[in-house]
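Every chain is numbered from 1, with letters handed out A, B, ... down the list of sequences.
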Amino acid sequence: MLAVGNRCYVSVGETGGLARAVELADRVRASGRSSGADIGAPEVVTRTVFDTADRRLRAAGLELAVEVVEAADGPATMVLDGPAGARPLRVPCPRPRRRYLVGDLPDGDLVARLAPIVDVRALLPVVEIRREDIPIAVLDREAKTVVRLRVGDLWAVAKGVPAPLPAPAPVPLLGRVEVTGVLGYRRHYDRVDAALQGDPALSASGVTVVDEAVTAVGGSPGGLSSSVRVDLDREEPTGAAARRVLRRLADVVEANRPGTLEDLDTEFLHDLRVAVRRSRSVLRQTKRAFDPDLRREHADSLRWLQAVTGPTRDLDVQLLEWDGLVARVPDDRRPALEPARGLLVEHRAAALRTMKAALRSAEHRRRWTAWRLFLAADADGPTGVAGVAGVDAGRPIHRVARRRARSLHARIVRDGRALTPDSPAEALHDIRKRGKELRYLLALFGPSLWPAAEVKPLERAMKDLQNVLGHHNDRDVQARRLSALAPELAHRPGGPAALLALGSLIDRLEADQRLARADVAERLAALAQIDLRGIT
Amino acid sequence: MKVLASYNIKGGVGKTAAAVNLGVLAARDGFRTLLWDLDPQGAASFLLRVRPRVKGGGRKLVRGRSDLADLLRGSDVEGLDLLPADFSYRHLDLALDGTKHPTRRLATVLAPLAEHYDLVLVDCQPAISLVSESVFDAADALVVPLIPSTLSLRTFDQLLAYVHDEVERPPEIVAFFSMVDGRKKLHRDVMARLPLDHPEVTPIAIPAASEVELMGTRRRAVVDSAPRSRAAQAYRDLWTELRTRLDLR
């Protein structure tokens, strides 16, 4: 790798700007054999940092930003920094957009590097950092730049989609001194860096500028997390334990709601729905801990939320899987399927409008507020919002969870044994639904309640089973949904050819479904062998 | 990675000025650019303020025994690096002659740099030799500055004939006018006629301007030291033309 040294110091003294630059230039001149330190004209650079909502680039040690140099007439520059020591990738680009999907990026190298990390997630503005930099070029005897310094005063501005209103004021950050080497001049860099390390007004930067900026404007450097890890005590009463898990799941729903409404990428809606689905499952598995009437009321609200978001998600999945599906069809028939894709896009736009209206409705507000109040209520407190505590409310969570895990496992095994080659697709789908319940139980409660060594074999067997059931079910659903397009497609330009190609695709999906069914029996047999005595 | 060689059999025609200015423009456009100063005179290295020295000399370099990462130098322009000249390059023909597949050696030296650079500009010696044959093999294009005079055209025809007849994988040729004095009728006539007869020749003309000559004193590219000058604009036009003709993205 052609690495150059790079280090960032935080300026802890009160001196900033030009005075600091002059001080540093003097220190550098005094430090070694360089012929001089040339202080350049100040530059004001605004840097908008982009990342996925869950900060995947940060986790991968990368930083993507769009830089605009004030007083420059040229385009902005998209810069990809990282991994540490590598030279940044800089690409001219238009002024920063509201969001980028990976296909929108202005350069093939950028796409190639970021696509595996970002996948379908949108790159959104995380924070804007305004820097007033004074560049200092450390020169050798040929008056050549051998080390670059930048003395910077920085401010952070909150960003988001939609943009926050009113426009937020800039928040000052700690001053920075950045030293960057020039390729082939390592000794000069080391000398200057050593001089800076001895400067009492500078200290090594413990956090990155971006993390400091995000924290300063009230954000979380790690971004949005849809993971649910609630540490439970085995003896914790089931009512309280379930509420804690449900509150965390409600947090995930709320965190993903703005991105869903803005349609920033498909994962916001996906994560929102997974959280709703898990919430419904927790309510079902711990139903005897709650007031039955209230439980039914809130189960109905969650079902309503699942239903109003379902059609959009279904169409997202169809469109995300479209290229893979079309690849199954002979080359000469693929162009004929384009009208079908066009129809899906139209349906998706309509479903999105309906979903947005529902999520912004008074009904949704009423239902969700009631749910939140119910979760906030103390299970042992007076009845009212919490209702009458159920028989399991005071029971230790490990007992209720154990009972449910064993019951679900036994039911799946029993239903699996009853399957025949002629069993309808619905029968496999029912097993899959129960399988999801068991997996959610293991994921949400298992880590706190049972040893990993006991849970892992069951989790593995369930994952294997769910994979083939999922494959079977997905093919069934895809085939039926594509068939449902036929009446509308028939009247579209290119419709007859599209129908022919669609028929060919549906045949392949049904053949896949039959292959998947052949694997189900084997996976069910493996699940039946798992010993649950360690789930205590 | 694309390789462009600034080349002419004749010396003093503006090869180095072109290579340095194109290098700066490419880097500013976001191309990770390497300028290889292959001329033992080391003019490009001088202009970029880098000592013309390569550890181990040219012999070790072309025999693949040098660690390239140790030899490269960053210039004052971010995104533009230099593989400096060395006086030992005056014997590069001999060094190549002792190798297997001598006309492929320079391409072999450059190959490991493909992951680090988008563009390599080679500032060539004014000669027709084993080194130039190796450059022709490695290059995607020859960028040929032409003084619009009779003798200059004669050597250009010789170059075209040689490249088309003798080179196994001939690079594209993009020629432009250099050191042009618009007051001279000969220059004006040649510039009007030549592009019509030769599609390799663009009508872009770098003037014989003091800004270009002052590069040696200022040790900066014209596009930086005199960005509004006619010469700077001509180099920018040349860079745009190269990007279009060679599909540089």
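- Contact annotation for B:R51: neither backbone nor side-chain heavy atoms come within less than 4.5 Å of a heavy atom of chain A.
- When side chains are defined from C-beta on, A:D109 counts as touching B:R32, because their heavy atoms get closer than 4.5 Å.
- Rounding to the nearest 0.5 Å gives a distance of 10.0 Å between CG of B:L71 and CG of A:L183.
- Contacts of B:E115 with chain A are absent, with no heavy-atom separation under 4.5 Å from either backbone or side chain.
- In this structure, B:R230 places its CZ atom where only 12 or fewer heavy-atom neighbours from other residues, nucleotides or ligands lie under 6.0 Å away.
- Counting all heavy atoms, side chain and backbone alike, A:P92 lies closest to B:G30 at CD-CA, 4.4 Å.
- Residues B:R219 and A:K144 have side chains not in contact (no heavy-atom distance under 4.5 Å, counting atoms from C-beta outward).
- Sorted by first and then second residue, the side chain to side chain donor-acceptor pair (under 3.5 Å) pairs with a member in residues 64-74 of chain B form an empty list; sequence neighbours excluded.
- Neither the backbone nor the side chain of A:R186 comes within contact range of chain B, judged by heavy atoms closer than 4.5 Å.
- Contact check on A:R90 versus B:E78 returns no salt bridge, with no Lys/Arg side-chain nitrogen under 4.0 Å from an Asp/Glu carboxylate oxygen.
- The neighbour count for A:E178 CD, taken as heavy atoms of other residues, nucleotides or ligands under 6.0 Å away, is above 12.
- The side chain to side chain contact (heavy atoms under 4.5 Å, CB included) test applied to B:R59 returns B:R63, B:A95, not counting sequence neighbours.
- Contact annotation for B:L48: only backbone heavy atoms (N, CA, C, O) come within less than 4.5 Å of a heavy atom of chain A.
- Counting heavy atoms from C-beta on, the side chains of A:V91 and B:F31 never come closer than 4.5 Å.
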